[in-house]
Participant: 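Shown below is the structure under consideration.
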Number of protein chains: 2
Amino acid sequence: MKIAEPTVARLVQYHRLLERLYNEGQKVVSSQEMGELLNFKASQVRKDLSYFGEIGKRGVGYHVERLFKHIDEILSPPRQWKMALVGLGHLGTALLGYGAFKNTKFGIQALFDNDQAKVGKAYAGIPCHHIKEAPSVIRDKGIEVIILTVPAEAAQNCIDIVSQSGRIKGVLNFSPVSIVVPDTIRVYSVDISVELEKLLFYLKQNSK
Amino acid sequence: MKIAEPTVARLVQYHRLLERLYNEGQKVVSSQEMGELLNFKASQVRKDLSYFGEIGKRGVGYHVERLFKHIDEILSPPRQWKMALVGLGHLGTALLGYGAFKNTKFGIQALFDNDQAKVGKAYAGIPCHHIKEAPSVIRDKGIEVIILTVPAEAAQNCIDIVSQSGRIKGVLNFSPVSIVVPDTIRVYSVDISVELEKLLFYLKQNSK
DNA sequence: GTGTGTGAAGTGGTTCACAGCG
DNA sequence: CGCTGTGAACCACTTCACACAC
């Protein structure tokens, strides 16, 4: 089943919201209510959910637990993806402690850095290797996903090194640059400075 | 002039790229070349740049320095926006040390947290106040932009407190939730776990 | 009556294709 | 001849509007 990217992003948010509502004991929720809580139009919510067949009850709404489990199934990976984090600076360290990575579907198996002071130690219980070791460590541990939190200048070089392993399928890039990869690798970028600049640009527009 | 959001995001990237090319001594660049370096189609690049009038030379390309200055003008804020960072956890601390915020157009004037151990101290030379003080500190210092790096559960409450000041125009939200704000405030969200889930979802698709 | 499911219409952004200038 | 600038065609996503199930 082909699902558009913005739809997937919303599914993740429905999933999170439903988990919260479930924990709060709510049994049923309407498209209207979900829309208000997530800043989406109700019609958008219904369209997204209708991709998976009739799952709501007309005149009533959606059963919170059932809908949660349904979306959970759609989003769940077939197995845990093994990941490595490259770049143990401020941001890399922050992500290691970040809630999302506590989730068992993300397993960070190795860290890489080019700083000898960090190599050989463990952070959050995960061993740090020199970036030069990456291809062999990636193969040994079966790593398929890279989280890249290195400075802009280093990003392309790090990607080149890890792709030598031939095992990498996806990259989440936090460096403020575009990287060039073989087309077997899927890249998503989180570019903090682009988001900030966008915000500032529209603030400027509004104040004119 | 109205510019679409994806266009602004690309402008920021052209800006960054041109700065780099300029520093490397390159004088001229074609839409094709910029497209390859940033993973955009050449026609997209030309369309984006054509919004500002004829700025390239046919048969030649764009003059790197001139184009850089032109985009710089478009993106530059009329004055420095004063900002505050709310939430001095891993991520907040990481952002404080992040390169983008070294840029003088972003001036972080205050920090807020609810941890008494942090209140009263300074981080990166910036004083940390208790979140309860936010409305008065925001007014005193003329702060208009908030960077929100608190846990999901705290996000809405923090936003409510800072908006009491009546001075906030924009928020960059890093918490993994949607927040509800008065419509005088513009919000951009960087939702790391949504990006990660999206990546994993498409990895799953590809492997079928 | 109430809230879903969905074709159809609308909107916004991207890509094409080529005329035109250097 | 090369590369820009741009209308027109295209495509993707969102919103509307209403029939229909509960």
Side-chain angles (χ1 to χ4, degrees), chain A residues 1-14 17-18 21 26-68 70-71 74 178 188 194 198 201-202 205, chain B residues 1-14 17-18 21 26-68 70-71 74 178 188 194 198 201-202 205:
Chain A
M1 190 197 322
K2 201 199 150 297
I3 308 182
E5 201 180 308
T7 306
V8 177
R10 286 189 301 268
L11 283 179
V12 175
Q13 295 177 73
Y14 300 142
L17 176 63
L18 289 162
L21 296 178
Q26 188 169 333
K27 299 292 183 211
V28 163
V29 66
S30 68
S31 58
Q32 173 98 39
E33 188 180 359
M34 294 181 78
E36 275 163 18
L37 290 166
L38 296 171
N39 301 315
F40 307 145
K41 286 256 179 351
S43 57
Q44 179 74 80
V45 175
R46 291 201 301 279
K47 175 130 291 189
D48 287 341
L49 300 180
S50 72
Y51 287 158
F52 319 114
E54 307 209 356
I55 195 93
K57 277 203 171 55
R58 299 180 185 215
V60 181
Y62 300 89
H63 186 270
V64 171
E65 184 179 1
R66 185 135 42 97
L67 184 54
F68 172 73
H70 198 109
I71 297 180
I74 292 158
S178 293
Y188 279 85
V194 168
K198 263 168 37 182
F201 177 81
Y202 284 108
Q205 297 289 97
Chain B
M1 191 198 320
K2 200 200 151 295
I3 308 182
E5 200 179 308
T7 306
V8 178
R10 286 189 300 268
L11 283 180
V12 174
Q13 294 178 74
Y14 300 142
L17 176 63
L18 289 162
L21 295 178
Q26 189 170 331
K27 299 293 184 212
V28 164
V29 67
S30 68
S31 58
Q32 173 99 38
E33 188 180 359
M34 294 181 77
E36 276 164 15
L37 289 166
L38 297 171
N39 301 315
F40 306 146
K41 286 256 179 349
S43 58
Q44 179 75 81
V45 175
R46 292 201 301 279
K47 175 131 291 187
D48 288 339
L49 299 180
S50 71
Y51 288 158
F52 320 114
E54 307 208 356
I55 195 95
K57 275 203 175 55
R58 297 178 187 221
V60 181
Y62 299 89
H63 186 270
V64 172
E65 186 180 359
R66 184 134 42 95
L67 184 54
F68 172 73
H70 198 107
I71 297 180
I74 292 158
S178 294
Y188 279 84
V194 168
K198 264 170 35 181
F201 178 80
Y202 284 107
Q205 297 290 96

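Lettering of chains follows the sequences in order, A, B, ..., and the numbering in each one begins at 1. Small disclaimer: the values here were computed from a predicted structure and weren't measured.
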Participant: Phosphate oxygens OP1/OP2 of C/dG5: is one of them under 4.0 Å from a side-chain N or O of A/Y62?
Facilitator: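 Yes.
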
Participant: Taking NZ from A/K2 and P from D/dC11, how many angstroms apart are they, rounded to a whole number?
Facilitator: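 Distance, rounded to whole Å: 13 Å.
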
Participant: By nearest atom, which of the nucleotides D/dT6, C/dG5, D/dT15 is closest to the B/S50 side chain?
Facilitator: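 Looking only at heavy atoms from C-beta outward on B/S50, the closest nucleotide is D/dT6.
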
Participant: Between A/V60 and A/Y51, just flag the one whose closest nucleotide in DNA chain C comes earlier from the 5' side.
Facilitator: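 Looking at DNA chain C, the more 5' nearest nucleotide goes with A/V60.
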
Participant: Name the nucleic acid region contacted by A/T7, choosing base, sugar-phosphate or nothing; use a 4.0 angstrom heavy-atom cut-off, strictly under.
Facilitator: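 The residue A/T7 makes no contact with any strand.
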
Participant: Counting only side-chain N and O atoms of A/S31, is one of them less than 4.0 Å from OP1 or OP2 of C/dG3?
Facilitator: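 A/S31 to C/dG3 OP1/OP2: no side-chain N or O under 4.0 Å.
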
Participant: Over all strands shown, is B/S30 touching base, sugar-phosphate only, or nothing at heavy-atom distances under 4.0 angstrom?
Facilitator: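 Answer is sugar-phosphate: B/S30 comes under 4.0 Å of backbone atoms only.
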
Participant: Measure from the side-chain heavy atoms of B/R58 and tell me the nearest of D/dG2, D/dC20, D/dT6.
Facilitator: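 So the nucleotide nearest the side chain must be D/dG2.
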
Participant: How close do B/E33 and B/V29 get, heavy atom to heavy atom, and via which atoms?
Facilitator: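 That closest heavy-atom pairing would be OE1-CG2, 3.4 Å.
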
Participant: Can you tell me which nucleotide in C/dT15, D/dC3, D/dG5 comes closest to the side chain of B/I55?
Facilitator: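 Closest of the options to the side chain of B/I55: D/dG5.
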
Participant: Name the residue closer to the 5' end of DNA chain D, choosing between A/G59 and A/E5 according to the nucleotide with the nearest heavy atom.
Facilitator: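 The residue mapped nearer the 5' terminus is A/E5.
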
Participant: Report yes if a donor N or O on one partner sits less than 3.5 Å from an acceptor N or O on the other, where the partners are the side chain of A/R46 and the base of C/dG5; otherwise report no.
Facilitator: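 Such a pair exists between side chain and base.
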
Participant: What integer distance in Å separates A/L67:CG from C/dG3:C1'?
Facilitator: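 Atom-to-atom, A/L67 to C/dG3, this comes out as 14 Å.
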
Participant: Is there a donor and acceptor pair closer than 3.5 Å between the side chain of B/K47 and the base of D/dG7?
Facilitator: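 Answer yes: a donor N or O sits under 3.5 Å from an acceptor.
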
Participant: How about A/Y51 and A/K2: do any of their side-chain heavy atoms sit closer than 4.5 Å?
Facilitator: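 A/Y51 does not reach A/K2 side chain to side chain.
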
Participant: For A/H63 and D/dA21, give me the distance from atom NE2 to atom P, rounded to whole Å.
Facilitator: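 These atoms are roughly 22 Å apart.
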
Participant: Any side-chain heavy-atom pair from A/M34 and A/L18 closer than 4.5 angstrom?
Facilitator: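 Of all side-chain heavy-atom pairs linking A/L18 with A/M34, at least one is under 4.5 Å.
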
Participant: What is the distance, rounded to the nearest whole Å, between atom NZ of A/K41 and atom C1' of C/dG10?
Facilitator: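 Those two atoms, NZ and C1', are 13 Å apart.
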
Participant: May I have the distance from B/N39 (atom CG) to C/dT15 (atom P), rounded to whole angstrom?
Facilitator: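 After rounding, the gap between these two atoms is 12 Å.
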
Participant: Over how many whole Å does the gap from B/Q44 atom CD to D/dT4 atom P extend?
Facilitator: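 It works out to 14 Å between those atoms.
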
Participant: A/Y188 vs B/Y202 aromatic rings, parallel, tilted or perpendicular, using cut-offs 30° and 60°?
Facilitator: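 Parallel, since the angle between the ring planes stays under 30°.
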
Participant: Taking all non-hydrogen atoms of both residues into account, name the closest pair between A/V45 and A/Y14 and its distance.
Facilitator: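 Shortest heavy-atom separation between A/V45 and A/Y14 comes out as CA-OH, 3.4 Å.
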
Participant: Output the single nucleotide from C/dG3, C/dT15, D/dT14 whose closest atom is nearest the side chain of A/P6.
Facilitator: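 Shortest atom-to-atom distance from the side chain points to D/dT14.
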
Participant: Expressed as a whole number of angstroms, how long is the span from B/E36:CD to D/dC3:C1'?
Facilitator: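 So the two atoms are 14 Å apart, to the nearest Å.
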
Participant: Specify the separation, in whole Å, of atom CG of A/D48 and atom P of D/dT15.
Facilitator: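 From A/D48 CG to D/dT15 P: 10 Å.
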
Participant: Pick out which of B/L49, B/D48, B/L17 makes a side chain to side chain contact (heavy atoms under 4.5 Å, CB included) with B/I71.
Facilitator: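 Only one of B/L49, B/D48, B/L17 forms a side chain to side chain contact (heavy atoms under 4.5 Å, CB included) with B/I71, namely B/L49.
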
Participant: Respond yes when some side-chain nitrogen or oxygen of B/R10 is under 4.0 Å from OP1 or OP2 of C/dT14, and no when none is.
Facilitator: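 So the side chain of B/R10 is within the cut-off, an N or O lying under 4.0 Å from OP1 or OP2 of C/dT14.
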
